[in-house]
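Presented below is the structure to which this report refers.
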Amino acid sequence: QVRLTESGGGLVQAGGSLRLSCAASGGTFGSYRMGWFRRAPGKEREFVGNIYWSDSSTKYADSVRGRFTISRDNAKKTLYLEMNSLKSEDTAVYYCAAAPVGDPYSYWGQGTQVTVSP
């Protein structure tokens, strides 16, 4: 059974930076893609970005491109989300997710809260 555990959320001032981590266990991720999603107050969960484990190729939502960076550590089986130039609209619960390439996301973490203050 695949398990995903997020960490690193907290309170940060606008313009600041924060790094989220997602530790993965219980599966083989060479043929997986892993993604970051978020749910802001009053909104549905939305896509932030993803990475293909095999070749490190990435994709980002327009709202975060140029500010957020996704990376991974193969040895630690850990996914990262580096967030820079944070804005109030980035306030949300952030989730990591995983799936075999070609399948919809089926494994989810429990989320970590990010709050951006003025």
Side-chain angles (χ1 to χ4, degrees):
Q1 182 69 36
V2 173
R3 295 283 188 263
L4 303 174
T5 304
E6 303 98 335
S7 62
L11 177 65
V12 63
Q13 292 184 335
S17 300
L18 202 62
R19 190 193 197 195
L20 306 183
S21 299
C22 174
S25 63
T28 301
F29 294 92
S31 61
Y32 274 61
R33 72 184 189 279
M34 298 186 68
W36 287 100
F37 294 77
R38 66 186 182 185
R39 179 174 57 80
K43 295 185 176 181
E44 296 183 356
R45 185 169 58 197
E46 66 176 339
F47 173 79
V48 174
N50 66 13
I51 185 169
Y52 285 80
W53 205 260
S54 60
D55 63 2
S56 298
S57 61
T58 55
K59 181 172 66 176
Y60 299 95
D62 290 343
S63 59
V64 306
R65 188 176 295 109
R67 299 189 298 119
F68 291 11
T69 302
I70 295 173
S71 61
R72 87 283 187 275
D73 186 313
N74 288 335
K76 297 181 179 179
K77 295 178 64 175
T78 300
L79 181 72
Y80 301 100
L81 180 65
E82 181 72 33
M83 304 183 291
N84 300 309
S85 301
L86 283 162
K87 308 173 181 179
S88 60
E89 51 263 46
D90 295 318
T91 294
V93 177
Y94 284 73
Y95 302 87
C96 64
V101 172
D103 290 350
Y105 286 102
S106 55
Y107 304 105
W108 296 85
Q110 293 185 326
T112 184
Q113 176 71 48
V114 173
T115 302
V116 183
S117 64

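Predicted model only: the values in this text are computed from it and were never measured.
A donor-acceptor contact shorter than 3.5 Å links the side chain of Arg33 to the backbone of Asp103. Side-chain atoms of Gln110 never come within 3.5 Å of backbone atoms of Glu6 as a donor-acceptor pair (strictly under, hydrogens ignored). Not a single donor-acceptor pair under 3.5 Å links the side chain of Tyr80 to the backbone N or O of Asp73.
Clustering ILVMFWY residues whenever any of their side-chain heavy atoms sit less than 4.5 angstrom apart, transitively, puts Tyr52 in a cluster other than the one holding Tyr60. Put simply, Phe37 and Met34 are part of two different groups of oily side chains (I, L, V, M, F, W, Y) that touch within less than 4.5 Å, one to the next. Under a hydrophobic clustering in which Ile, Leu, Val, Met, Phe, Trp and Tyr are joined whenever their side-chain heavy atoms come within less than 4.5 Å, directly or via other members, Leu79 and Tyr107 fall into the same cluster.
The shortest side-chain heavy-atom distance between Tyr32 and Ile51 does not fall under the 4.5 Å cut-off. Between Arg72 and Trp53, the closest side-chain pair of non-hydrogen atoms falls below 4.5 Å.
Nearest heavy atoms, Lys77 versus Gly26: NZ-N, 4.3 Å.
With respect to the salt-bridge test (charged N to carboxylate O, under 4.0 angstrom), the residues Asp90 and Lys87 do not qualify.
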Name the atoms and distances for all side-chain donor-acceptor pairs under 3.5 Å in residues 39-48, with sequence neighbours left out.
| residue | atom | partner | partner atom | Å |
| --- | --- | --- | --- | --- |
| Arg39 | NH2 | Tyr95 | OH | 3.4 |
| Glu46 | OE2 | Arg38 | NE | 2.9 |
| Glu46 | OE2 | Arg38 | NH2 | 3.4 |

Apply side-chain contact (heavy atoms from CB on, under 4.5 Å) to residues Val64 and Trp36 and explain how you reach the verdict. CA-CA 11 Å; Val64 306; Trp36 287 100; over 6 Å; no
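With sequence neighbours left out, the side chain to side chain donor-acceptor pair (under 3.5 Å) criterion links Gln113 to Thr115.
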